[in-house]
Amino acid sequence: MTAIAGYRRYAPGTQPPHLHPPYVSSIKRAPSQPLLQIPYTLSEVTGPVFGPEIADVKASDLTRQHSGAPLGERIIVSGRVIDEDSRPQPHMLVELWQANAAGRYLHKLDQHDAPLDPNFTGCGHALTDAEGRYRFVTIRPGEYPWMNHHNAWRAAHIHFSVFGPAFATRLVTQMYFPGDPLIAFDPIFHCTADESARNRLISAFDWETTMPLHALGYKFDIVLSGRDATPFEDHHRGAKT
Ligand SMILES: [Fe+2]
C-alpha cells in the first residue's frame with residue numbers, strides 16, 4: 001500500500017478549542033474525553049478532485065443568482081489561499097455562505113424575525129486560480145441576534161470552507177468586517193485565545209478591488225497552516241503540511 005502523507009497539527013492558542021464556555025453551545029458539543037487520533041486513510045488524502053466545470057459565474061456572484069438584485073450593500077470579497085510559505089494554492093474549492101442584508105439565513109432553523117430576500121440565497125463557490133486567488137460578489141451580511149446570552153448579537157460575518165486536494169484538507173472559518181463594533185462582544189470570534197491569530201479573521205477594506213460606482217472591496221487571505229494560519233473551526237483534523 002502507498003505510504004500516507006501526514007498532516008501537521010497547529011500551535012496551541014492559535015486555533016479555537018472545542019470548549020469555550022462563553023460560546024454556550026460549545027459546552028454541550030465539546031467532547032468530554034480526550035480525542036483519539038485516527039490515522040488518515042488513502043481515501044481521505046487522495047480525494048475529492050474538483051475541476052473548473054464546477055464553477056460558473058453565478059456561483060461566485062451571489063447578486064446574479066435570481067431574477068432580480070438582492071437588497072443590501074453590494075460588496076466584493078476576494079483574497080488568496082496560501083500555505084505557510086505564502087505559496088499560492090491553485091484549484092482549491094472555496095465555498096461561502098452567509099445571512100442576507102437583514103441578518104437572516106435561508107434556512108428552516110433560522111426563525112429570526114427579519115425578512116427573507118427572494119433574490120438572495122446566500123451560498124456560493126469558486127475555484128482558486130493559478131495564483132491561489134478567489135473572488136466573490138455578494139452583499140454585506142446583516143448582524144443577527146442569537147440565544148447565546150442576554151442581548152447576544154453576532155458580528156457581521158461570512159462563513160468560508162476551503163477544500164484542498166483531499167477530504168482531510170477541508171477547513172472552515174468565518175470572515176469578519178473591519179470596524180464592526182460587535183466583534184468585541186462576539187464569543188465565537190473570541191474562541192481563539194491568541195489575539196493576533198483571531199485578528200486574522202477580520203478582512204481588510206481594499207481600494208484595489210473596490211470598483212467605482214459599483215461595490216466596496218474586502219480582502220481576506222486564507223492561510224492554511226504555519227505561524228500565520230487562519231483560525232479554523234475544524235482544525236483538529238490538521239492542515240496539510
Ligand atoms: Fe453565521
Side-chain angles (χ1 to χ4, degrees), residues 15-30 59-63 65 70-79 81 93-126 134 136-163 170-192 197-204 216 218-222 230-236:
Q15 296 289 322
H18 284 119
L19 178 63
H20 181 66
Y23 177 16
V24 175
S25 298
S26 76
I27 297 171
K28 278 188 178 175
R29 291 177 186 162
S60 59
D61 187 342
L62 283 71
T63 68
Q65 295 177 348
L71 295 173
E73 179 193 348
R74 189 168 45 226
I75 59 172
I76 295 162
V77 178
S78 66
V81 179
L93 176 66
V94 181
E95 297 171 287
L96 158 164
W97 62 99
Q98 63 168 91
N100 68 21
R104 178 128 181 227
Y105 287 95
L106 181 59
H107 191 283
K108 63 183 177 186
L109 292 182
D110 188 344
Q111 295 300 314
H112 174 34
D113 181 21
L116 289 170
D117 184 342
N119 290 312
F120 192 72
T121 302
C123 302
H125 62 266
Y134 71 87
F136 289 99
V137 181
T138 184
I139 54 101
R140 186 178 174 118
E143 300 84 355
Y144 58 82
W146 58 316
M147 303 302 286
N148 190 71
H149 54 274
H150 174 67
N151 210 7
W153 290 79
R154 290 295 327 273
H157 61 277
I158 296 178
H159 297 264
F160 277 89
S161 160
V162 180
F163 259 113
R170 187 188 187 206
L171 294 166
V172 176
T173 191
Q174 297 184 28
M175 180 200 105
Y176 297 81
F177 290 87
D180 185 340
L182 290 174
I183 288 175
F185 306 100
D186 192 313
I188 294 183
F189 176 78
H190 286 276
C191 280
T192 303
R198 64 175 179 259
N199 284 339
R200 292 197 281 274
L201 297 173
I202 304 174
S203 60
L216 296 184
Y218 290 90
K219 195 172 139 198
F220 184 58
D221 288 339
I222 298 172
T230 304
F232 296 106
E233 293 168 15
D234 57 352
H235 60 93
H236 303 281

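Remember, it's 1-based here, ligands and their atoms both numbered in the order they're listed. All residue numbers refer to positions in the sequence shown, counting from 1.
Using a 30° and 60° split on the angle between ring planes, F136 and Y134 fall in the tilted class, from 30° to 60°.
Between the side chains of R198 and Y176, no donor-acceptor pair of N or O atoms lies under 3.5 Å.
At least one N, O or S atom of Y105, from either the backbone or the side chain, sits less than 2.8 Å from the Fe ion (ligand 1). The Fe ion (ligand 1) has Y144 among its coordinating residues (N/O/S atom, backbone or side chain, under 2.8 Å).
Judged by distance alone, the side chain of S26 and the main-chain N or O of H20 form a donor-acceptor pair under 3.5 Å.
Exactly one of W97, F232, F220 qualifies for a ring-ring contact (aromatic ring centres under 6.0 Å, His included) with F160. That residue is F220.
Around the Fe ion (ligand 1), the angle linking H159 (NE2) with H157 (NE2) is 90°, rounded to 10 degrees.
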